[in-house]
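These notes are about the structure you will find just below.
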Amino acid sequence: MFSTRPELAGTHGMVASTHWLASATGMVVLEDGGNAFDAAVAAGFVLQVAEPHLNGPAGQVPGLFVTADDPRPRMLCGQGVAPAAATPEHFAGLGLDLIPGSGLLAATVPGAWDGWLMLLRDHGTKSLRDVLRYAIGYAADGVPLVDRVGETIGLVSGLFTEHWPTSAELWLPGGRPPRPGVPHRNPALARTWRRLLAEAEAVAGREAQIDAARRAWSQGFVAEAVHEFSRKAFRDDSGRDHAGLLTGDDLAGWQASYEDALVTDVGEWSLVKCGGWTQGPALAQQVLLMDGFRSEMSYVDGVPSARTVHLAVECAKLAFADREAWFGDTDVPLDALLSASYLDERRALVGDRASGELRPGSPGGRSPVLPRILDSLRDAPAGVGAIGEPTVGPAGQTRGDTVHLDVADAAGNLISLTPSGGWLQSSPTIPELGFCLDSRAQMFWLEQGLPNSLAPGKRPRITLSPSMALRDGEPVLAFGTPGGDQQDQWQLCFWLAHTVAGLNLQQAIDAPAWHTNAFPSSFYPRSWTPRELVAESRLGADTLDALRSWGHQVVDAGPWALGRLSAVSRDPSTGVLRAAANARGMQGYAVGR
């Protein structure tokens, strides 16, 4: 099978990400004697400069990893919580029934800085200066931005000019978006990072310096600037101006953490995902549901049959209906949701026709509850403008939203990370810091009594969903993609192509992809379109016609449009490392030797 690039193979180290500068940076760190965690942190900070429309310093970072000394998968939680003042009563007083997708109201406590630094402190070997210097250099001296950055800024240039002047000052030099390929500087961000380094290096010792930098962020000048800026009112997606809710106390009261990962066995494979406060278990459900249809799945030259796509789409609808009814930062009945008996019940609902219903199940006999507002959001037009995460356009084209990063080293360290949030278009720039806040709180429902209902100190149910896999109990694979609600659908495309069709990493990434929008979006304005199936044309005209005949409302996304996957792997028996990255979007690259 033809692939856009070779699957890389080597024994020293592999880095795959959504931008070549990040991948190259990670590899430089590996060559300099760093391990996979050092490389990941350095690459992660570079992504904040190279893809500022997809992630930023005040965003979040969930990750999955194993270490050379401990093959037990662990999760990094770099997702902050809702502010203490973010109560349903506050939003009701503002006359809002949804949290806006942009502006200051939607901010959660910034989590990325603390998450990255905790990972570096506990599992890396390099100093903070060693890993941060690459990003500082790009912020200070400029980085040639890809076309999509300027296009994104163009979409919101009117908002910046009229309502977010600090963003206009940074992102509209001379009144125009940055030109593609011309270095764009962010001196304020470089100064912020240098000041954090200076405060860190006022103490002695690697770990002590990293902790000092964490405090300088959460209890020092960064928290002070966030507090003061959040007291101002700015325009958001509601069409009105609102001040923010974040305070310095919110930042001071939160730290990143580690959690046990969810491990789901599927034959010789075990899929590793984040817990039920994310959408991660929806991929585990889909994989288990599809495993019951293994005899009905088929591929020819890396292209799945119409029946395979149909089954995957219908299983996705069931899994994401359960996501809506059961997932959140609460007690999620994962054992019941992933039990064989429950999955048998759910699998029996898959018919030969496309379902137009949102059908959550009743795990353990518990009755599902869905938001009452859902019917009014059905078929609502998705906005663009300042929307916090404009993932996919009306014709299926990827607008971008998030970044992804995978690293493997020779020692056996393996990590998958999906940083996001703090996009330049999500919130007005804090001028003295050189970055903006995130808008992740838009994922909460304001209606109470739901798993994902807003509450102070609670994490939103995020779409960010890194993945790992074990084979015969050994950690062998790290992968993931940007894409909001589509992340765990595009990853299913990859999983089936790799584990069922037997394609290598690059071939599986290149294989035609698809997704459905037949469940509520996690992003404002939370719209959904029953029976809609967005598919790449490389599935073939006959396949698309067959899917239409079975009741799917097929949107042809073009040949290369869906997903920005990357992956790395390690063969424990030989030590051979492999890597691959997505050609879609013309940004992702894998490097290694």
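Each residue takes its place number in the sequence, starting with 1.
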Q | Pair T264, K273: side-chain N/O donor-acceptor within cut-off below 3.5 Å | A | no
Q | Single hit among Q279, Q442, R323 for side chain to side chain donor-acceptor pair (under 3.5 Å) with S522 | A | R323
Q.
Can you confirm whether V407 sits close enough to L414 that some side-chain heavy atom of one is under 4.5 Å from a side-chain heavy atom of the other?
A. no
Q: Would you name the heavy atoms of Q489 and T516 that are closest together and state the gap between them?
A: OE1-N, 2.8 Å
Q) Given the rule in the side-chain hydrogen bond (donor to acceptor under 3.5 Å, both in side chains) test, do D265 and S270 qualify, once you have shown the distances and angles that lead to the verdict? A) CA-CA 4 Å; D265 295 331; S270 297; 2.6 Å; yes
Q) Cation over ring, R133 on F45, under 6.0 Å and within 45°? A) no
Q: Show your reasoning for whether side chain to side chain contact (heavy atoms under 4.5 Å, CB included) applies to R194 and L197.
A: CA-CA 5 Å; R194 284 171 173 153; L197 268 181; 5.5 Å; no
Q. Does a donor on one side chain sit under 3.5 Å from an acceptor on the other, for E51 and N55?
A. no
(Q) Under the side-chain contact (heavy atoms from CB on, under 4.5 Å) test against V15, which residue among V28, V568, D406, L405 passes? (A) L405
Q. To the nearest 0.5 Å, what is the distance between CG (L565) and NE2 (H498)?
A. 12.0 Å
Q. Between G588 and A581, which heavy-atom pair has the shortest distance, and what is it?
A. C-CB, 3.9 Å
Q) Quick check: does any side chain N or O of D409 sit under 3.5 Å from a backbone N or O of N413, one acting as donor and the other as acceptor? A) yes
(Q) Any donor-acceptor pair under 3.5 Å linking the side-chain atoms of T125 with those of N35? (A) no
Q) Rounded to the nearest 0.5 Å, how far apart are CE of M118 and CD1 of I210? A) 11.5 Å
Q) Do R440 and Q60 get their side chains close enough for a donor-acceptor pair, meaning under 3.5 Å? A) yes
Q) Do we see a donor-acceptor contact under 3.5 Å between the side chains of R461 and T278? A) no
Q) So which heavy atom on V591 is nearest to which on M27, and how close? A) CG2-CB, 3.6 Å
Q) Could you walk me through whether W193 and V49 pass the side chain to side chain contact (heavy atoms under 4.5 Å, CB included) check? A) CA-CA 12 Å; W193 279 332; V49 186; 3.7 Å; yes
Q | R74, CZ atom: more than 12 neighbouring heavy atoms under 6.0 Å | A | yes
Q | Side chain to side chain, L271 and V263, heavy atoms closer than 4.5 Å | A | no
Q: Please work out which of the three classes, parallel, tilted or perpendicular, describes the rings of F519 and F320, given edges at 30° and 60°.
A: parallel
Q: Indicate the ring-plane relationship of W217 and F435, choosing parallel, tilted or perpendicular according to the 30° and 60° boundaries.
A: parallel
Q: Return the minimal non-hydrogen interatomic distance between L437 and S427, and the atom names on each side.
A: O-CB, 3.3 Å
(Q) Quick check: closest heavy atoms across A39 and G26, and the distance to 0.1 Å? (A) CB-O, 3.3 Å
Q) Between H404 and T418, do the side chains contain an N or O donor and an N or O acceptor separated by less than 3.5 Å? A) yes
Q) Given side chains that start at C-beta, do those of L417 and L76 come closer than 4.5 Å, heavy atoms only? A) yes
Q.
For W113, does the six-membered ring have the charged nitrogen or CZ of R214 within the cation-pi criterion, i.e. under 6.0 angstrom from the centroid and within 45° of the normal?
A. no
Q: Kindly indicate, with the supporting measurements, whether the criterion ring pair (Phe, Tyr, Trp, His ring centres under 6.0 Å) is fulfilled by H123 and F65.
A: CA-CA 10 Å; H123 300 291; F65 65 91; 4.9 Å; yes
(Q) Any heavy-atom pair between the side chains of L338 and Q285 that's under 4.5 Å? (A) yes
Q: Mind checking side chain to side chain donor-acceptor pair (under 3.5 Å) for D122 and listing every partner two or more places apart, or none if nothing turns up?
A: Y258
**Q.** Any side-chain donor near an acceptor of the partner, D70 and T67, under 3.5 Å
**A.** no
(Q) Whether the side chain of D114 engages the backbone of G111 through a donor-acceptor N/O pair (distance < 3.5 Å, no angle test) should be reported. (A) no
**Q.** Side-chain heavy-atom pair M75, D260 within 4.5 angstrom cut-off
**A.** no
Q. Does the pair V576 and R578 meet the rule for a side chain to side chain contact (heavy atoms under 4.5 Å, CB included), with working shown?
A. CA-CA 7 Å; V576 172; R578 301 182 187 275; 3.9 Å; yes
Q: Just do the side chain to side chain contact (heavy atoms under 4.5 Å, CB included) check on Q486 and Q491 with the steps written out, would you?
A: CA-CA 8 Å; Q486 288 75 38; Q491 290 183 83; over 6 Å; no
Q) Which atom names give the shortest non-hydrogen contact between S439 and S102, and what distance separates them? A) CB-CA, 4.4 Å
Q. Does a donor on one side chain sit under 3.5 Å from an acceptor on the other, for S17 and S23?
A. yes
(Q) Within the 4.5 Å heavy-atom criterion, are L470 and P73 side-chain neighbours or not? (A) yes
Q) Checking T481 side chain against R564 main chain: does a donor-acceptor pair fall under 3.5 Å? A) yes
Q) Quick one: CG on L251 to OG on S218, what's the gap to the nearest 0.5 Å? A) 7.0 Å
Q | ring-ring contact (aromatic ring centres under 6.0 Å, His included) partners for W277, two or more places apart | A | none
Q: Determine yes or no for a side-chain-to-main-chain donor-acceptor pair under 3.5 angstrom, with D438 supplying the side chain and T108 the backbone.
A: yes
Q.
Checking W495 against W269 for the ring pair (Phe, Tyr, Trp, His ring centres under 6.0 Å) test, could you report, in this order, the C-alpha distance in whole Å, the side-chain angles of both residues, the deciding distance, and whether it holds?
A. CA-CA 11 Å; W495 179 268; W269 290 92; 5.6 Å; yes
Q. Pairs in or reaching into residues 460-485: which pass ring-ring contact (aromatic ring centres under 6.0 Å, His included), with residues at least two apart or in two chains?
A. F479-F494
**Q.** Within-4.5 Å side-chain heavy-atom neighbours: I415 and L119
**A.** yes
Q: Inspect the surroundings of OH in Y134 and state if more than 12 heavy atoms from other residues, nucleotides or ligands are less than 6.0 Å away.
A: yes
Q: Enter the distance from S566:OG to N582:CG here, rounded to the nearest 0.5 Å.
A: 8.5 Å
